[in-house]
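Read through the structure below, which is laid out as structure tokens, and then see the notes.
In what follows, chains carry the letters A, B, and so on, assigned in the order in which the sequence lines appear, proteins first and then strands, with residues in each chain numbered from 1. The figures here come from the full heavy-atom set of this structure, side chains too, leaving out hydrogens, waters and symmetry mates.
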Amino acid sequence: MKDTFLSNGKGYYGDFGGAFIPEMLRENVESLRKVYFNIIESDAFKKEFHDLLVNYAGRPSPLFLAKRLSEKYGAKIYLKREDLNHTGSHKINNTLGQILLARHMGKRRIIAETGAGQHGVATATVCALMNMECVVYMGETDIERQEPNVRRMEMLGAKVVPALSGNKTLKDATNEALRDWICNPEDTFYIIGSVVGPHPYPDLVARLQSVISEELLWQMKKAEGTEDPDYIVACVGGGSNAAGSFYHYLDRKNVKLIGVEASGKGVDTGLTAATIAVGEPGIIHGSMTMLMQTDDGQITEPYSISAGLDYPGIGPLHAWLAGSGRAQYMNATDQEALHAAYELTRLEGIIPALESAHALAVLGKLELKKEDVVVVNVSGRGDKDMQAYINARSLFNVNLEGRR
Amino acid sequence: MNRITELFNSGKKDILSVYFTAGYPSLNDTFRTITELEKRGVDMIEIGIPFSDPIADGPVIQKSGSKALLNGMTLSLLFEQLREIREYSQVPLVLMGYINPIVRMGIDTFLEHASRTGIDGVIIPDLPPEEYIEKHQAKFQKAGIFNNFLITPQTPDTRLRQIDEWSEGFLYMVSSAATTGSRESFDEKQLDYFKRVSDMKLKTPRLIGFGVSNHTTFEQACKYADGAIIGSAFIDAVSENGSLAQKVSGFLEAIR
Ligand SMILES: Cc1ncc(COP(=O)(O)O)c(C=O)c1O
């Protein structure tokens, strides 16, 4: 694979990326930057990581041909079942890799931010596994709307600290995690949950998540006789499950890459998290990227029903893929996502996470041909979202009529 | 000559620099806060540009920034508020803020405004020196505005010497691994760090900040550096009831 869409030595993807961090974080980030590549490319790391992915996380995740969904949308639709991983989402791929890295670097204390709680749970899980102290920052709003995940983290032995600033969501949790890291430079490793943050995080997390597309290559070959689908569709919060699904296909221009952002109540309502649609270049959490902001450069509070997509920025890789035209970024509203979640549940017996439901929600908007092969990454399962689904139940009796 | 250079060349000891958040407690306090501080002997003033996501700041400055933004503070309004400041004050003025609002305004426009206003320097915590040197230094130098870098207890000696080499104004010595906020006194480890840096005989003057809050910490800081910067403690003081003049004078009396 060529490296054209990957970051250069300074962590830039085109004009995006970099490491805009205060001097207080410099040594933390620099010590990680110096070693990460050699460690994760070493045979010892690869072997240990692979072993955990297989025997602990349950990889490879299946590639499932969704027949009824295919029929409905008039194309051949495969689901990449990241929801079946241990802890219920793709986030475990990243946390397993980063905790091994933390151990190699001799760190003892782990911090993380979380939105939906999936990254928090995946971090708390690997901390239990590796016997490390775990502190997870989570916005107070998200603590309320993703309460089952809070209880899971606590049961796993993590300390969940509420973030109380801003809208009390993912952005604010990330601010608090960065402040913690400033105050604890010596023993602490920050396991960031997406392809965001200062270099080297976007590259590190993309590489750890690239196991998704690595599996797609052979799974597609086996199922379709070719490694290349026509489309790969994934939801985008920070963009880690999308980066992982796109990774090995970045240079194969015949494969259309579709990222789906959450547009909340609609892109023009001011209640949205569709960064590519409404953002401008700016700097958030150490990275130059597309950013939802005011004319004065203040970061705008995002909104989405999905806590995992409720973020005003996007990983710099995606800003670059969008800017260069290599990938297309669409979006789906709360309503469209809820509808898609019910649809998948009734057609295929799979309750997806609200985040993943956004990816499914654009199937009807892609002008699909009968012979098109589409892979949708189902990044997580919907257990954590049952309350939102129950609240929306009445909305969908009508739509699902005739389908039992 | 840049007023920062003038100040450090003047031979003055125990330099006191005070940080406040523009537009706090009230939107139109900015101008008067500067003149009151200068009138009562403050040597340099850092004007905080409020930002929605100030990752290097503790709760006190975070709250003052949120309030200022609610009050309607913006970077362009700040330049408007300060338009006539040089007719009333000759104290060195440093703008302290995060990079995003500055990039959003455009570096060129920002520098044009800053230089027309009579700003002497900036502190931009999340603009690393390397990035500054590579992409922005030439423009700042042309505008006559110093970018003052931060150093921390974690900054290795080799890097410290490099940053010293790059510096034009002063070095902002962050006193400990922490976000901004007040402390009652400095501990052994911090004093060791102050001494270590002091012994390096750097060319650039040093001001110690983060945690300087009272007479004790100010004195300790001045023993090892050219002076100190007070932020959170001053924000706390102006958050109390009373006239701005009273609050400023009461606060400063307790420091020196
Ligand atoms: C199931 C699921 N999918 C997607 C996301 C969004 O993150 P990313 O864009 O990094 O994949 C989250 C985040 O919490 C998640 O829990």
When rounded to the nearest 0.5 angstrom, what is the spacing between [atom1] in [X] and [atom2] in [Y]?
X	Y	atom1	atom2	value
A:Asp296	B:Asn100	CG	CG	9.5 Å
B:Ile99	A:Ile283	CD1	CD1	5.5 Å
B:Asp53	A:Gln293	CG	CD	11.0 Å
A:Ile182	B:Asp57	CD1	CG	9.0 Å
B:Ser52	A:Glu301	OG	CD	7.5 Å

Beyond-backbone contact of [X] with [Y], side-chain heavy atoms, under 4.5 angstrom:
X	Y	result
A:Gln298	B:Arg104	no
B:Arg159	A:Glu30	no
A:Arg179	B:Gln62	yes
B:Val174	A:Glu23	no
A:Glu27	B:Thr155	no

Looking only at non-hydrogen atoms, find the nearest pair between [X] and [Y] and report the distance.
X	Y	value
B:Ala178	A:Cys183	CA-SG, 3.7 Å
A:Phe20	B:Leu127	CE2-CD1, 4.3 Å
B:Pro101	A:Gly297	CG-O, 3.8 Å

Checklist line | Heavy-atom contact with chain B under 4.5 Å, split by part of A:Ile299 | finding: both

Note to self: Using heavy-atom distances under 4.5 Å, tell me whether A:Asp295 contacts chain B through its side chain, its backbone, both, or neither.
What the structure shows: both

Check: With a cut-off of 6.0 Å (strictly less than), are more than 12 heavy atoms of other residues, nucleotides or ligands near CG of A:Asp187?
Finding: yes

Engaged part of [X] at the chain A interface, taking heavy atoms whose separation is under 4.5 Å:
X	result
B:Tyr132	neither
B:Pro50	backbone
B:Ile163	side chain
B:Glu131	side chain
B:Leu77	neither

Next item on the list: Salt-bridge test for A:Arg26 and B:Glu130: reply yes if a basic N is under 4.0 Å from a carboxylate O, no otherwise.
Entry: yes

Item checked: Within residues 181-199 of chain B, residues adjacent to chain A where the heavy-atom gap is under 4.5 Å -> B:Lys189

Next item on the list: With chain B as the partner chain, list the residues of residues 159-170 of chain A whose heavy atoms fall under 4.5 Å from it, by residue number, and write 'none' if nothing qualifies.
Entry: A:Ser165

Check: Do you know which of A:Thr174, A:Thr294, A:Leu25 has the most heavy-atom pairs under 4.5 Å to chain B?
Finding: A:Thr294

